[in-house]
Each structure stands twice: as structure tokens, then as C-alpha cells.
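All values reported here derive from a predicted model rather than from experimental measurement. These numbers come from the heavy atoms of this one structure, side chains and all, not from hydrogens, waters or symmetry mates.
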Amino acid sequence: MKNLIIFCSILLIANTAKAQFKFLANNSSNQYKAKIIVDKCESRTCDGKATIIIYDKATDREIDTFHSEDLEFGLTETQDAKLGWLELGKYQTPLIFGDFNFDGLEDIAIRNGNKGAYMSPSYDVYLAAAENKFVLNSELTKLASENLGMFDIDKKAQQVSIHQKDGCCFDKTINYKYGNKNALYEDSSVIEDSSIADYVTVITQKLVDGKMKRTVQKFKMKDYYNQ
């Protein structure tokens, strides 16, 4: 009997270790849909190692497969991860689709832990390449992993913006553009420093003719934040 109990316990542990939770992400992209298989879901939070399979929406053809060491996302009170192939909401998935390098193709950012500033979300960024495949981009992955969460995209200005923070009183936005060979370069930045009581110092830098032009302005806090 004792040996049987030990055997059943080992079997239970093995089955628990192999448990996987399955999700569908069908509404976060115009072109693609995804199947997400993640290791762990507890207390309405899913995380851990995961596999993400991307499909073409029009043809149902499998396009590419990705892996994340720590794919983290939350569930609502009514969602039960144990049901299998649970569909996630448009803004609930750990996947972000968009044209990150302004070449007209849809790219993908995949959540990989909380390595950003103040433990904010971090992402691995893959750019669309030939034959419907994706290639990991180290520059964009760094921007999406070392700052305050995912970068912003301004399609009109064709720039990528990241946000930084130091305590309560220092905020910085840096805007990047693509130059030769699609390499990113810093085009402009804005610093808002409110460490001096009742005032905000705004430092603006802009690349003009190959040189950074710097402007410093000071505003009363109540006027600056209420304008």
C-alpha cells in the first residue's frame, strides 16, 4: 500500500508538471491569429514558459512558432484556464501586433517577463521578414525591455518612442527614427523635471543638421500641467 501511495504521488507530480493551459488570440491583429500554450495559470494570472503559434487569418496556414521564457497575462473573474482553448480579449493578450519599422508589414512583440523599469512589462520584438517569417530584432527588443513597458509607435511621424522615469519627479521621452540600413537613431527627447517645488523644468533636444539643439524652459507647475 505504501509503495502504491508513493507511485500515485509521483504520477500526480509528473502530470502536474506537464500541465499546460491553452488560449486563442484571434482579435489582436488584422492579419494573424495565434494559439498560446503556457505552463502555469494561478489566481487569474498566467505566466511561465510558453509557446506561441501564429496563423494567417485568411488561409489558416501556420506561419511561425515562438517561445517565451515568461509569458505573463491576466484573466478575468469569469475566465477559467482549465477549460482549454480559452479565447482572450483584444487587449488582454500578451501579444502586440503593429508595423514597428514602417515597412508596411505587421510585426509582433511577445511578452517576456517584467524586465523593464520599475518591473514594467518587457517584450521580445520580431519583425516580419520574407516568406511570412519573423526575425528577432535586438534594437527594438532592447527598447521594449529596458524602459517603461512597450514603446509607442507614431505612424505619421514614423518614430518609435520610449519612456523613462526616475522617482516621482523625473520623466523622459526619447523619440527614435530609422536611418541608413534601418538603424535606429535618437531624433529628439523631452525631459520633465519637477524636483523643484512648484516648478517644472522642461529640457527639449532635437536633432538639427546632425547636431542636437537643446532648449531649456521653466514653468509654474499648475500652469504646465493644466494647459
Undergrad: Any link between Ile110 and Ile96 through a network of hydrophobic side chains (Ile, Leu, Val, Met, Phe, Trp, Tyr) touching at under 4.5 Å?
TA: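 Shared cluster, no.
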Undergrad: Considering only residues two or more places apart or on different chains, which pairs with a residue in residues 156-188 satisfy disulfide bond (SG atoms under 2.5 Å apart)?
TA: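 Checked against disulfide bond (SG atoms under 2.5 Å apart) - neighbours excluded - no pair reaches residues 156-188.
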Undergrad: Donor-acceptor check, side chain of Lys22 to backbone of Leu86, threshold 3.5 angstrom: yes or no?
TA: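 Absent.
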Undergrad: Under 3.5 Å, side chain of Lys57 to main-chain N/O of Ser29, donor-acceptor pair present?
TA: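 Side chain of Lys57 to backbone of Ser29, a donor-acceptor pair under 3.5 Å: yes, one is there.
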Undergrad: So, taking the atom named NZ in Lys33 and the one named CD1 in Ile53, what distance separates them when rounded to the nearest 0.5 Å?
TA: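 Atom-to-atom, Lys33:NZ and Ile53:CD1 are 12.0 Å apart.
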Undergrad: Stepwise, does the side chain to side chain contact (heavy atoms under 4.5 Å, CB included) test hold for Glu186 with Leu207?
TA: CA-CA 8 Å; Glu186 183 177 333; Leu207 191 63; over 6 Å; no
Undergrad: Does atom CD1 of Ile196 have more than 12 heavy-atom neighbours from other groups under 6.0 Å away?
TA: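 No, not enclosed.
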Undergrad: Using a cut-off of 6.0 Å, state whether more than 12 heavy atoms not belonging to Asp223 lie near its atom CG.
TA: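 More than 12 within 6.0 Å, yes.
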Undergrad: Among all residues two or more places apart in sequence or in another chain, which pass the ring-ring contact (aromatic ring centres under 6.0 Å, His included) test with Phe23?
TA: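 Checked Phe23 against ring-ring contact (aromatic ring centres under 6.0 Å, His included); matches are Phe73.
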Undergrad: If you look at every heavy atom in Lys155 and Phe102, which pair is closest and at what distance?
TA: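 Residues Lys155 and Phe102, closest heavy atoms: CA-CE2, 3.8 Å.
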Undergrad: Any side-chain heavy-atom pair from Ile203 and Arg214 closer than 4.5 angstrom?
TA: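 Yes, at least one pair of side-chain atoms sits under 4.5 Å.
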Undergrad: Give a yes or no answer on whether the side chain of Ser188 reaches the backbone of Asn175 with a donor-acceptor pair at less than 3.5 Å.
TA: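 No; zero donor-acceptor contacts below 3.5 Å.
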Undergrad: Taking all non-hydrogen atoms of both residues, which atom of Ile52 and which atom of Leu71 are closest, and how far apart?
TA: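 Result for this residue pair: CD1-CD1, 4.2 Å.
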Undergrad: Are the side chain of Asp99 and the backbone N or O of Gly104 linked by a donor-acceptor pair below 3.5 Å?
TA: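 Yes: the side chain of Asp99 pairs with the backbone of Gly104.
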Undergrad: Output all residues satisfying side chain to side chain donor-acceptor pair (under 3.5 Å) with Gln31, sequence neighbours left out; order by chain, then residue number.
TA: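 If we apply the side chain to side chain donor-acceptor pair (under 3.5 Å) test to Gln31, skipping adjacent residues, there are no hits.
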Undergrad: Who are the ring-ring contact (aromatic ring centres under 6.0 Å, His included) partners of Phe219, not counting sequence neighbours?
TA: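 Phe219: ring-ring contact (aromatic ring centres under 6.0 Å, His included) contacts with Tyr224.
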Undergrad: Quick one, Cys46 and Leu75 - any side-chain contact, counting heavy atoms below 4.5 Å?
TA: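 Heavy-atom side-chain distance check passes, below 4.5 Å.
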Undergrad: Heavy atoms only: give me the nearest Thr76-Arg44 pair and the separation to one decimal.
TA: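 In terms of heavy atoms, the two residues are closest at O-CD, 3.4 Å.
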Undergrad: Examine Val38 and Leu88 and state if one hydrophobic cluster contains both, with Ile, Leu, Val, Met, Phe, Trp and Tyr joined whenever side-chain heavy atoms are less than 4.5 Å apart.
TA: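 They do share one cluster, since a chain of ILVMFWY contacts under 4.5 Å joins Val38 to Leu88.
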Undergrad: Say you draw a straight line from OG1 of Thr51 to CG of Asp39; how long is it, rounded to the nearest 0.5 Å?
TA: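 Nearest 0.5 Å value for the OG1-CG distance: 8.0 Å.
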Undergrad: Please find the pair of heavy atoms, one from Asn112 and one from Glu69, that lie closest to each other, and give the distance.
TA: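 It is OD1-N, 3.5 Å.
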Undergrad: For residues Asn182 and Asn101, determine if any side-chain heavy atom of one lies less than 4.5 Å from a side-chain heavy atom of the other.
TA: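 No, too far: nothing below the 4.5 Å cut-off.
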Undergrad: Verify, without hydrogens or angle tests, whether Asp107 (side chain) and Ala128 (backbone) share a donor-acceptor contact under 3.5 angstrom.
TA: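 Such a contact is found between Asp107 side chain and Ala128 backbone.
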Undergrad: Less than 4.5 Å apart, side chain to side chain, heavy atoms only: is that true for Asp152 and Gln159?
TA: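 No, their side chains stay 4.5 Å or more apart.
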Undergrad: So, Arg111 side chain and Glu72 main chain: donor-acceptor pair closer than 3.5 Å or not?
TA: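 Yes.
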Undergrad: Under 4.5 Å between any side-chain heavy atoms of Asn27 and Glu87, yes or no?
TA: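 Asn27 reaches Glu87 side chain to side chain.
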Undergrad: Can you see which heavy atom on Gln164 is nearest to which on Leu148, and at what distance?
TA: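 Looking at all heavy atoms of both residues, the shortest contact is C-CD1, 3.9 Å.
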Undergrad: Could I get the full list of ring-ring contact (aromatic ring centres under 6.0 Å, His included) partners for Phe97, not counting sequence neighbours?
TA: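 Here no residue qualifies.
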Undergrad: Hey, any chance Val190 and Met221 share a hydrophobic cluster, counting ILVMFWY side chains that come within less than 4.5 Å of each other, even indirectly?
TA: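 Looking at the clustering, Met221 is in the same group as Val190.
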Undergrad: Before you tell me yes or no, could you show the steps for Leu127 and Val135 under side chain to side chain contact (heavy atoms under 4.5 Å, CB included), namely the whole-Å CA-CA distance, both residues' side-chain angles and the distance that decides it to 0.1 Å?
TA: CA-CA 5 Å; Leu127 296 181; Val135 177; 5.6 Å; no
Undergrad: Nearest 0.5 angstrom please: His163 NE2 to Ser120 OG, how far?
TA: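 Interatomic distance, His163 NE2 to Ser120 OG, rounded to 0.5 Å: 11.5 Å.
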Undergrad: Between Gly48 and Asp70, what is the shortest heavy-atom contact and its length?
TA: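 Answer, listing the atom of Gly48 first, then Asp70: N-OD1, 3.3 Å.
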Undergrad: Could you check whether atom NZ of Lys133 has more than 12 heavy atoms from other residues, nucleotides or ligands sitting under 6.0 Å from it?
TA: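 Yes - once you tally the heavy atoms of other residues, nucleotides and ligands closer than 6.0 Å, there are more than 12.
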Undergrad: Under the rule for salt bridge (Lys or Arg N to Asp or Glu O under 4.0 Å), what residues qualify as partners of Asp187, not counting sequence neighbours?
TA: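 Once residues adjacent in sequence are excluded, the partners of Asp187 under the salt bridge (Lys or Arg N to Asp or Glu O under 4.0 Å) criterion are Lys206.
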Undergrad: State the CD-NZ distance between Gln205 and Lys211, to the nearest 0.5 angstrom.
TA: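 Here the interatomic distance stands at 14.5 Å.
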Undergrad: My understanding is that only residues two or more places apart in sequence, or in another chain, count here; which of them pass side chain to side chain donor-acceptor pair (under 3.5 Å) with Thr45?
TA: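 For Thr45, no residue satisfies side chain to side chain donor-acceptor pair (under 3.5 Å) once neighbours in sequence are set aside.
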Undergrad: Run the side chain to side chain contact (heavy atoms under 4.5 Å, CB included) test on Leu95 and Ile36 for me, step by step, so that the C-alpha distance in whole Å, both residues' side-chain angles and the decisive distance to 0.1 Å come before the verdict.
TA: CA-CA 10 Å; Leu95 314 177; Ile36 299 170; 4.1 Å; yes
Undergrad: To the nearest 0.5 Å, how far apart are CE in Met212 and OG1 in Thr204?
TA: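 Here the rounded value is 11.5 Å.
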Undergrad: Disulfide bond (SG atoms under 2.5 Å apart): which pairs involve residues 133-164, sequence neighbours left out?
TA: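 Listed once each, the pairs would be none.
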Undergrad: Can you pull the ring pair (Phe, Tyr, Trp, His ring centres under 6.0 Å) pairs that have at least one residue in residues 112-150, sequence neighbours excluded?
TA: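 Of all non-adjacent pairs touching residues 112-150, those that pass ring pair (Phe, Tyr, Trp, His ring centres under 6.0 Å) are Tyr32-Phe134, Phe66-Tyr126, Phe66-Phe134.
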Undergrad: So do Leu184 and Tyr178 actually touch side chain to side chain, heavy atoms under 4.5 Å?
TA: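 The answer is yes, as the side chains (C-beta and beyond) meet within the 4.5 Å cut-off.
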Undergrad: With a 4.5 Å cut-off on side-chain heavy atoms, are Ile162 and Tyr176 touching?
TA: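 In contact.
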Undergrad: Within the 4.5 Å heavy-atom criterion, are Phe100 and Ile153 side-chain neighbours or not?
TA: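 When only atoms from C-beta onward are counted, Ile153 and Phe100 do touch, with a gap below 4.5 Å.
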Undergrad: Applying side chain to side chain donor-acceptor pair (under 3.5 Å), name anything that partners Asp64, two or more places apart in sequence or on another chain.
TA: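 In terms of side chain to side chain donor-acceptor pair (under 3.5 Å), with neighbours along the sequence ignored, Asp64 is linked to no residue.
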Undergrad: Strictly distance-based, threshold 3.5 Å: is any side-chain N or O of Ser122 a donor or acceptor partner for the main-chain N or O of Ser145?
TA: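 Not at all, since once roles are kept as given, no pair shorter than 3.5 Å links the two residues.
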Undergrad: Can you sort out the partners of Thr141 under side chain to side chain donor-acceptor pair (under 3.5 Å), two or more places apart, ordered by chain and number?
TA: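 Result, side chain to side chain donor-acceptor pair (under 3.5 Å) vs Thr141: none returned.
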Undergrad: Report the residues that fulfil ring-ring contact (aromatic ring centres under 6.0 Å, His included) with Phe170, sequence neighbours left out, ordered by chain and then residue number.
TA: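 ring-ring contact (aromatic ring centres under 6.0 Å, His included) list for Phe170, sorted by chain: empty.
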Undergrad: Test side chain to side chain contact (heavy atoms under 4.5 Å, CB included) on Tyr55 and Lys35; report intermediate values, then the result.
TA: CA-CA 8 Å; Tyr55 298 83; Lys35 289 182 178 179; 3.7 Å; yes
Undergrad: Could you tell me the separation between the CG atom of Asn137 and the NZ atom of Lys142, rounded to the nearest 0.5 Å?
TA: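 One finds 12.5 Å between CG of Asn137 and NZ of Lys142.
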